[in-house]
Amino acid sequence: MQRIGVFICHCGTNIAATVDVKAVAEALKHEPGVVFSTDYPYMCSEAGQNIVKDAIRDYHLSGVVICSCSPRMHEATFRKAAAVAGLNPYMVEIANIREQCSWIHKDIPQATEKAITLGKAAIAKVHLNAPLYAGESPVVKRALVIGGGIAGIQTALDIADAGFPVDIVETKPTIGGKMTQLDKTFPTLDCAACILTPKMVDCAQNENIKIYSYSEVTDVKGFVGNFTVTIKRKARYVDETKCTGCGICTEKCPMKKVPNEFNLGMNNRSAVYIPFAQAVPKVATIDPEHCNMLKKGKCGLCAKVCTAGAIDYKQKDEFIEEQYGAIVVATGYNPINLDKFDEFAYSQSKDVITSLEFERLTNAAGPTSGTLLRPSDGKHPHTIVFVQCVGSRDTSGCGKEYCSKICCMYTAKHAMLTREKYPDTDVYVFYIDVRTPGKSFDEFYRRAVEQYGVHYIKGMVGKIVPQADGTLAVQASDLLDNKQLHINADLVVLAAAIEPDKSARPLATMLTASMDTNDFFTEAHPKLRPVESPTAGVFLSGTCQGPKDIPETVSQAGAAASKVIGLLCKDKLTCNPCVAHSDEWMCNGCSACEKVCPYGAITYEDKEFRMPDRTTAIRRVAIVNEAVCQGCGACTVACPSGAMDLKGFSNSQIMAEVDAICK
Amino acid sequence: MQVNNSEFKPKIVAFCCNWCSYAGADLAGTNRLNYPADVKIIRVPCSCRVNPMFILRAFQRGADGVILCGCHPGDCHYTTGNYYTRRRMTLLFSMLDYLGIEKERTRVEWVSAAEGAKFAATMNDFVETVTKLGENKRLEDLRCKEK
Amino acid sequence: MLKLPIAKLDEFFAAIAAKETLYLPVDNEGGQAQYKEWKEGVSLSRALNTVRSAKDFFFPQTENLMEFKTQGKAIEVIDSRKESEDFVIFGVRACDARSFTILDKVFLVDPVDTYYKTRREHGTIISLACTRPEETCFCPLFGIDATEPEGDMRGWMTEDALYLEPVTEKGTALAQALGDLLEDADAAPVEEQKENTKKILEKLPFSKLDMEEFNGDNLLKLFDSPKWAGLSEACLGCGTCTFVCPTCQCYDIRDFNTGHGIQRFRCWDSCMYSDFTRMAHGNPRLTQLERFRQRFMHKLVYFPSNNDGEYGCVGCGRCLSKCPISMNIVKVIKTLGEDK
Amino acid sequence: MDRETLIPQVGVVTDIRQDTPDVKTFRVVGLDGKKLFEHIPGQCAMVSVPGVGEGMFSITSSPTNEAYMEFSIKKCGCLTSWLHMIEPDQQVTVRGPYGNGFPVESALKGKDLLFIAGGIGLAPLRSVINYVRDKRENYGKVQIVYGSRSKEDLVDYQEIINEWMKDDGVEVFLTIDREQEGWDGHVGFVPNYVKELNPDLGLTVLMCGPPIMIKFTLAGLKELGFKETQVYTTMELRMKCGVGKCGRCNIGNKYVCKDGPVFRFDQLDELPSEY
Amino acid sequence: MQREMIERAKALLADGTVNRVIGWKAGEFDYDITPAVFTTAEELDAGFLYNDLCAANLSKYLIKESRKEGKILAFLKPCDTYSFSQLLKEHRIWRDHVYVIGVPCEGKVDVDTVKSKGITGICSMRCDGETVRVETLYGEESIKKDEAMADRCLNCKSKKHVVYDELMGEEGDVLDSHRFDMVEKLENMTPDERFAFWRGELSRCIRCNACRNVCPACTCEKCVFDNDASGIAQKAAVDSFEENMFHIIRAFHVAGRCTDCGECSRVCPQNIPLHLLNRKFIKDIDELYGEYQAGADPDTKPPLNTFTQEDAEPSVIYERGGNK
C-alpha cells in the first residue's frame, strides 16, 4: 500500500488532443492508494517537474505515476525529479499514453479509456515497487591483457599510456605473437619485425606494463572492476631477473635437435633457447622435454657457462594471484590442422607448406635466411602453386564455414614478392573468390596480377600428388574456362584457414564470456559493442573475436584499450539496481538459473541455515552478484520455485499489471 | 447465443522487451501507425523475463489473446535471452494447443526497434485473429468474469 | 419395506430428479465412481463406493462464503449465498452415511456453521446397503452395519429390485412423493442379502482391530510414542488421505480478488500439508511427523475424547486404497495398538 | 436463527495511535458509530481487510469502555503492514468475539493480581487491567510488571504513566532491556525483574509476552514458590478461523479458539507439548 | 532377488559402509507396500520386500536422507536411477552419502489396474511367471501379468541403470518404447476433442498434490502454488482454470527435467493420466531440439536451459499438423 500521486501530461496537444486528460486524472483519483491526481500541459518542463516534486513533499507520496510519453524518453527525468524531492527514484512508474495511446488512436473515448487502463496498470505496479538502491563496487585500477601478440601489445601500450598499470600474460617465452613470424605486411610491404619489435621493446620498458611471459591464466574469479586472476608462471629454469640474454647457453647446449617452433619446425634449436633475436623478454628458457639435465640429471653445461648464474634447474611452476579491474582477451589465432585435407598431400610432401611456413621461408631470420628454397631438397622452386580457402568457407564439415579474411591478401603478397624476387618463377593462385575490401587492397591485388603476372585461376585444386621426380602434380579445374588443369609444381602453398587459439575455450569458461560455435568470442553487441564481451569487464582484442588483419587488429586493440581506460577511470561502478535477487530460503540450489545466465552472475554457496525447528542445515543456494547481473530476467523463469525474482520487474509487479490491464 | 463478432472487443496483452519491441511500439506511435486500442503493452526488460505464469494469468483475468514481442534472435540486448524465450514459448504454446486451447490466442513475434510498421501490422493482424476466435472460454476463470 | 422393480430404476431416478436435483454414483472417465447429477441416460455405477466421499454435498471442496466490494475507504459485505435448493443423494454407503453424524459434531455445535447447516437441511440421503465389501473396508470396527446403513431412507439393491425403507421424516416424505412407483414388499429378500453380506463382513481383515488403546486417557502416552517416526517417515505430505476421507473437515478461508471485488471462499485444507499450521507466530507442527501424528491422533484420540468415544473414522477404506505410499490408519492402529 | 460466525461486520477505524515504532493502536466502531459487540477481557476478534487477509487480534480495550474497541497491532506481516499504512475513516471488517477470555468474573474475582507482560504482550492484558481498574471493588491489589526492549517500545506508555501509575492500589514496575538515555527506571529482562521483585505468593498471575519470556518467567515464578494453578496465559497466536473448526488451533484435544486462548499452566501441562 | 538384497544390505550394514537402508516394506496385503528405512538386520528380515509389486520410486527420499549423518544404501530400479541421476545433476542429493545398488525390474504389477479389471476384495497377490494369482474375499482369480501392469511399465523406456555403485542381476538396455503413442493419438484429435478430453480428466483433480509431492523433479523448497507471495498460490482448484493452471505450470516446471518415471499417474487418486502432459513436453523436446532423456547423463544441459541459434520458431506449432 503506497501513497500515490498521479500526474497526467498533456504533452501540448500530443496527448490532450486524443486523450481526455482531465477524465483520466479524475478516474485515477479513485484508485486505491491514490492521494493526489492532476494534469499539466508539459510534465517534463521545469514547472511540470516542480508539480511532481511539490506533491511528493506535500502529500508524503511514496509512489509516483506519470502518464506521459514513453519511459524511454523521460523516465530518467522524472526519476531524477523524484530523487530531488526525497523519493526513491525507483518509486516512479511511467504509463506511456503518447506513443502507445494518443498517437495511435483517433477515437477520443477509446484512447481515454486505454489511457486510464494504462494508468491503472502503472498504479498497480507502483504499489508493489520497493525503493531500490544502486549498489557501488570499487574498481581495481589495473588491467590484464591475456595474449601478447600485436593485439595484446597494442592494448597494453594504450592502457599504459593512459597511466594505468597493465599486465600481459603470454603463454610463449616471448611476446610478439604471430606477427613476429611474418616477413612483410600487406599492402604496404613493410617488414613486420621492423614495425613490431619497437612496440615489443616499448612494452618491456614501459613502467606500467608487466610482462608475464611463459605464463597462463588458470583461474578467474570476481567480476567487473574486481577480478581475481590466478596466473601460472611456468618454470623456465632460468632466473629471468639474472639472465642477460647473452645466448652463450644456447650456443653451448649439446642438445641441438629440437624442432624450432618459431620456424614451424623447419629447422632446429637447442634445448635451452631464446625464440628469436628480438624476443621480449630476452631471456633463455629451458625446454624440459628435451633438456638432458632435467630429464636425466646429466649435463648441466648451461649452468656452467652462464656467467650470470641464471640457470636454476630446481625452478617450479609458480602460481600468483593478482587483482584486476578489467580483462582484455587477445588470445589470437592459429592456422588449422590440415590432417583432414590430405588431398593436398600436406603430410606426404615437405614441399606442400602452409602460408605461415612460406612466411618463414622468405624471412631473413628464417631457416633459409630469406632465400626461397624447397624444404625437401633446398633447390629453388620454379613453379609455385598457391591454394586459397584451404578449410575456409568450407561447408563439408572438414573445415570452417567462415571466411578467414586475411588469406586473399597475404597470398597476393606472397605471389607478388615471389615474382619480384624470382621473376623466373611461375606463380599460380587458385581461388574461389578474391576478396579485397580494404584500403589499397584491391590495387594491391591488381598489381600482383597485372604488374607481376601472377596467374590467378578461379577454380579448385582437386588433388596434389607427389611425383617421383620430386615435383607435385596439381590437378585443378579452371572454372572460368571450364577446363581441367594439370600443373607440375615445385612448391605448393596452402592458405590454411585460421581458427581461435585452443586456449580460448577454457578461458571463456573461466571468464564466463560467451563464444560462438567456432570458438570466437562473442561481442556484447555485434554492431554497437564490438569490443566488449557480454560479460561486464571483459573486452576483446584481435582475432580472438573473429579473423582480421593487422590494421583491424590494432584498431580493435585501441578500441578495447579505450573501453578499459573508460572503466578504470572510474573509482566506483554504479550497478543497475534492477537486478535479479534470490530468496535463499526458497532456493534449492538446482543450478537452473546459473545455466541460463549470460553473464555468469550467479554462483552457489553452501550456506548454513538455522531452520525453524532449531536445527542447522547446510543448503546450497544461489547468490547473484549484483555488480555483474544486467537484469534480463532469464533466471527468473528458469527458477521453478520463484526464488529468483527481478527487482523492478518482479513477478508480483508484472502480474499486478496484467491484472489491471485485463480487469 | 450467437456471438456478434463485430461488437466483440478482445482484450489483448502484449509483453514487449524494453530494448527492441517496446521501442518498436514507440516507433509505431511516432509514425502514427494505427492499431486497435484493445492492445495494452507491458514493458519487460527482455522477452525472457516473461514467465508462462504471466501468460496464463492474463487469460485467467480475462485476456482473449497474449502476444509476446522480443528482439530478433541474435539481436537480444542480453545476447541470449530471446533464445530461451523461443524454446519456452514454443513448448508452452504447444502444450496449450495440446489441451485444446486455441493456439491462435498466443503468439511470439520478433520486432526490432526499427520495425514500427511491423509492430502495428502484427498487432492489427493479431487483434483480427483473436476477434475472429471470439471470447476466450477455454482458459477463463469464471470468477473473474464481470457479473 | 418398499420395493421398486429394477427395470423401473430409471423411472425412479427421473421421478426424484423431476422434484429435486438427484446425485448418484456414476462411473467417470477415470474408470471410478463419482457423484454426479442424474440426467437422462446416466446410469448408476456398480462400484462399491465413490473415490471422493459424499461429504462434498454438505462441505464442498470450495464454497464462496461472501463477497466484498471496496470503494475508497469503504467496504461492503455481501452475503452471496443463494437460497439453497433441495437435493437428494442416492447410493450413499453406510460408512459415508455415518460420516455425516461425525461432521455434524463439528459443524453443528456452537457456533453453528450455517453454510453446512443449510446444506444439511436441504439434502435427503438415500443410502444403499453394501453387498460386496472390499478388503479395505472396516466399518464394522466402528459399529457400522453395512447392511443397514443410516440415512433418510435406506435401500437394498438385489438383482431384480431395489428395496427401500424410509427412516426419517424427510425419507418418508420422499417415499410418499414418489407415490405408486414404490410398492409394499416382503423383506425376505433383503434379509437374505443381509445374511450373505454379513458372512463377507465377518471375513474382513480389519473389522476386529483392537481399539482399546485409543482413548483420551492415553493421550499423552500415544502422543509421545516413538513409533510415529517410523510410521510417518515415508509420508509425502500430500492431501490424498484427507481429501478422500469422509470425515476430514479441515478448511482454509481465503480471499480471491476477481478484479471487480473480493471473493472470500472456504476450501478444503489438509493437516498433512507442510504449511497448514503456519500462522503469524510460526508453525507449531514443523515436521511431517507432527502433522502425520495430528491427523491420526485427531481421528483416534482427540475426537473421541471430546465426543463420547466416537472415533473420527468410519472405516470406508479410501485412504487404504489411495495413499500413494500405502500408509494408513489401519497400520497406525495396529502399530500403536501393540503397545498395551 | 444461528448467528453468522464467519460473516464479519464492517468497522470504521476512527483513530490511529502510534504507540511504538512498530505498534499502532486502532480504535474501531461500527458503521453506526457504536461499539461493534461486547466482549470479555482476553477475547479476540478477527480483523480483516478484504483481499489482504484476516488476522486474529486480542481486543485490547476493556469491556467497560462503552464507546469503542481498540486493537494494538504490531507490524509484522502483510495484513499488519497494510493496517499500519491506513488512515482514519478506513473501513475494515471485524468478526468475533472469540475465545474464552480471562475468568474476570469467576476465578479472578476478589484476587490480588500480578500482571506480567513483555512487549506487545501487554495488548491482551491491557483489557483486563483496565477492566479491573474500572471495577476496583471486585479485586484486591494489582501489580503490573511490564518490560520492553526500550522505552520507545513500551506500548501504551502514556496511559501507564498518566493513569495506571496514579491509581490507588495499582503498582507498576517498568523495565527495559538495555540502559538508555532518559530512562532512570529499572533495566533488565522481565524474568529477572520478577524474581527481584519477589512478589507475594498469594497473587494470581496473568502473563503474556514472547515465548522465551514466558518460559523463563514461569520457571522463575515456580522457583519463588508459585504454583501452575496460579498462573494464566493466553495463546491467541494459535487461533486461525476463530470458531474451532478449521483444524489448526488444537493442542491435543483442546481447541485454542474454543477452550482458550486463556489457559492456566496446569491445564497446559496435561496437553502434548505441541506449542 | 529379495533374499540376495537383504543379505547384501546386511553385509553393508555390518561392515559399516552404510548405516541405513532404504527399500520397500511389506504391508497388510501383498500390494500395500511402503517405502521404509531399515537400520538393523532384524528390521530387514522382518519387513524388507522386493517383488513385482514394489512400485514406489525411492529416489526422491534420498534428498532428505542423504543430508543425514552417515551413508544410506538405496536400492534403485532402472527408472529410479534416472530420477536419481537427474537429482544429482540438480545438486539435490549428496552423492557421497548414498550407496546405490541397482536392482532389476521386470515391470510392476499395479493393483489399481488389477482392480479396474473387475477383481475386487483382493487379499493377496502373487506373481507366478507371467500370471498374477489373486486371492480375494470372493475366491481366487488370475490375470496375465501384462494386463496387470500400469501403462508406465508396459511402455518401459529403459531397463538400464544409469548410475549405481553396484549392480544386482543383469544390466538391461534402453528400450524402444511406444510411450508416445497416446500423446500422438491426442495430437491427432481436433482441438475440440482434445479440450473435451482434458476437461474430462483434469476436472476430476482434487488438488491433493500427490502428483507434485511424489514427483522426483518437484523438489522446490516451497512450491509456487503454496507460496502466497507468488501471486498464484492456490489450494483447492476453485475454478476449472486453476486445475489447468496447476497442471500446465507443474508440467512446464518439470519440462526437460521429468524422467518420465510415471509416479504422478500412479499416485493420482483420481486416475488422471498426468504423465501424458509430461510426455507431451518430452515428445516436443525430442522432436524440436533433439532427443533428450532427462537423467540419462550427468552433463547435458536441460533443453530449456540451453538453445541453438537454429531453434524452431514458436510459430512451428501453428504449422505442425495443419488444422488438427
Side-chain angles (χ1 to χ4, degrees), chain B residues 47-48 50-62 66-70 72-76 79-110 122 129 133 136-145, chain E residues 183 186-187 189-199 201-202 224-225 230-232 238-242 244-249 251-253 255-256 276-285 287-289 302-318 320-321 324:
Chain B
S47 59
C48 70
V50 177
N51 197 309
M53 291 193 312
F54 303 161
I55 293 171
L56 295 180
R57 173 78 160 214
F59 283 123
Q60 175 185 30
R61 299 289 155 152
V66 178
I67 182 164
L68 175 51
C69 301
H72 285 269
D75 291 348
C76 175
T79 345
T80 55
N82 51 8
Y83 289 124
Y84 296 117
T85 308
R86 194 160 64 171
R87 282 200 171 189
R88 289 167 183 165
M89 293 307 141
T90 306
L91 290 181
L92 176 71
F93 295 173
S94 175
M95 177 54 80
L96 293 179
D97 176 44
Y98 184 63
L99 293 175
I101 292 146
E102 304 93 335
K103 53 193 168 194
E104 295 82 5
R105 290 194 192 277
T106 48
R107 191 182 289 187
V108 169
E109 206 71 55
W110 311 123
T122 302
T129 310
L133 285 173
N136 160 35
K137 290 268 182 208
R138 293 190 171 175
L139 208 51
E140 69 181 352
D141 191 325
L142 285 172
R143 295 171 297 174
C144 299
K145 293 276 164 176
Chain E
V183 177
L186 283 168
E187 287 171 344
M189 290 180 176
T190 65
D192 291 347
E193 287 167 345
R194 281 200 295 270
F195 184 70
F197 173 85
W198 282 112
R199 236 14 352 255
E201 296 295 338
L202 296 180
V224 280
F225 289 103
S230 76
I232 62 157
V238 179
D239 189 275
S240 63
F241 173 85
E242 290 198 344
N244 284 331
M245 172 94 163
F246 175 75
H247 291 290
I248 296 171
I249 295 292
F252 188 84
H253 281 175
L276 292 178
L277 293 175
N278 300 324
R279 276 190 188 163
K280 169 65 176 166
F281 275 135
I282 297 173
K283 183 168 180 277
D284 275 348
I285 287 168
E287 286 172 1
L288 294 167
Y289 311 123
L304 274 169
N305 293 344
T306 184
F307 61 87
T308 71
Q309 290 172 1
E310 295 77 32
D311 281 344
E313 290 294 324
S315 57
V316 70
I317 67 146
Y318 308 111
R320 268 197 316 189
K324 271 190 298 201

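Order of the sequence lines fixes the chain letters, A, B, ..., with proteins taken first and strands second; residue numbering starts at 1 for each chain.
Using a 30° and 60° split on the angle between ring planes, E:Phe307 and B:Tyr84 fall in the perpendicular class, above 60°.
Put simply, CG on E:Asp311 and OG1 on B:Thr85 are 11.5 Å apart, with the number rounded to the nearest 0.5 Å. Expressed to the nearest 0.5 Å, how far OG of E:Ser315 lies from CE of B:Met89 amounts to 14.5 Å. Distance check, rounded to the nearest 0.5 Å: CG of B:Asn51 to CZ of E:Phe252 gives 7.5 Å. Taking CG from E:Leu186 and CG from B:Leu99, the interatomic distance works out to 9.5 Å, rounded to the nearest 0.5 Å. To the nearest 0.5 angstrom, E:Ile248 atom CD1 is 5.0 Å from B:Leu56 atom CG. Atom OG in B:Ser94 sits 7.0 Å away from atom CD in E:Glu187 (nearest 0.5 Å).
Summarising the geometry of E:Phe241 relative to B:Leu139, their closest heavy-atom pair is CD1-O, 3.5 Å, with the distance given to 0.1 Å. The two residues E:Ile232 and B:Arg57 come nearest to each other via the heavy atoms CG2-NH1, 4.0 Å.
Side-chain N or O atoms of B:Arg88 include none that pairs as donor or acceptor with a backbone N or O of E:Leu304 at under 3.5 Å. For the pair B:Tyr98 (side chain) and E:Phe281 (backbone), a donor-acceptor distance under 3.5 Å is absent.
A heavy-atom distance below 4.5 Å is found between the side chains of E:Pro314 and B:Arg86. Under the 4.5 Å side-chain criterion, counting only non-hydrogen atoms from C-beta, E:Tyr318 is not in contact with B:Asp97. Proximity of B:Val108 to E:Glu313: side-chain heavy atoms (C-beta onward) are nowhere separated by under 4.5 Å. With contacts defined as side-chain heavy-atom distances shorter than 4.5 Å, the pair B:Met53/E:Ser230 does not qualify. Using a 4.5 Å heavy-atom threshold, the side chains of B:Phe59 and E:Met245 count as separate.
Heavy atoms closer than 4.5 Å to chain B are found nowhere in E:Glu201, neither backbone nor side chain. Looking at E:Asp192, both its backbone and its side chain come within 4.5 Å of chain B, counting heavy atoms on both sides. Heavy atoms closer than 4.5 Å to chain B are found in the backbone of E:Ala312, but not in its side chain. In this structure, chain E has a heavy atom under 4.5 Å from the side chain of B:Pro73, while its backbone stays farther away. For B:Glu140, the part lying under 4.5 angstrom from a heavy atom of chain E is the backbone only. For a residue to count as touching a neighbouring chain, one of its non-hydrogen atoms must lie under 4.5 Å from one of that chain's; by this rule B:Leu68 does not touch chain E.
Look at B:Arg87 and E:Asp284 and you find no salt bridge, because none of the NZ, NE, NH1 or NH2 atoms lies under 4.0 Å from a carboxylate O.
Counting heavy-atom pairs closer than 4.5 Å to chain B, the top residue among E:Ala255, E:Ala251, E:Pro303, E:Gly256 is E:Pro303.
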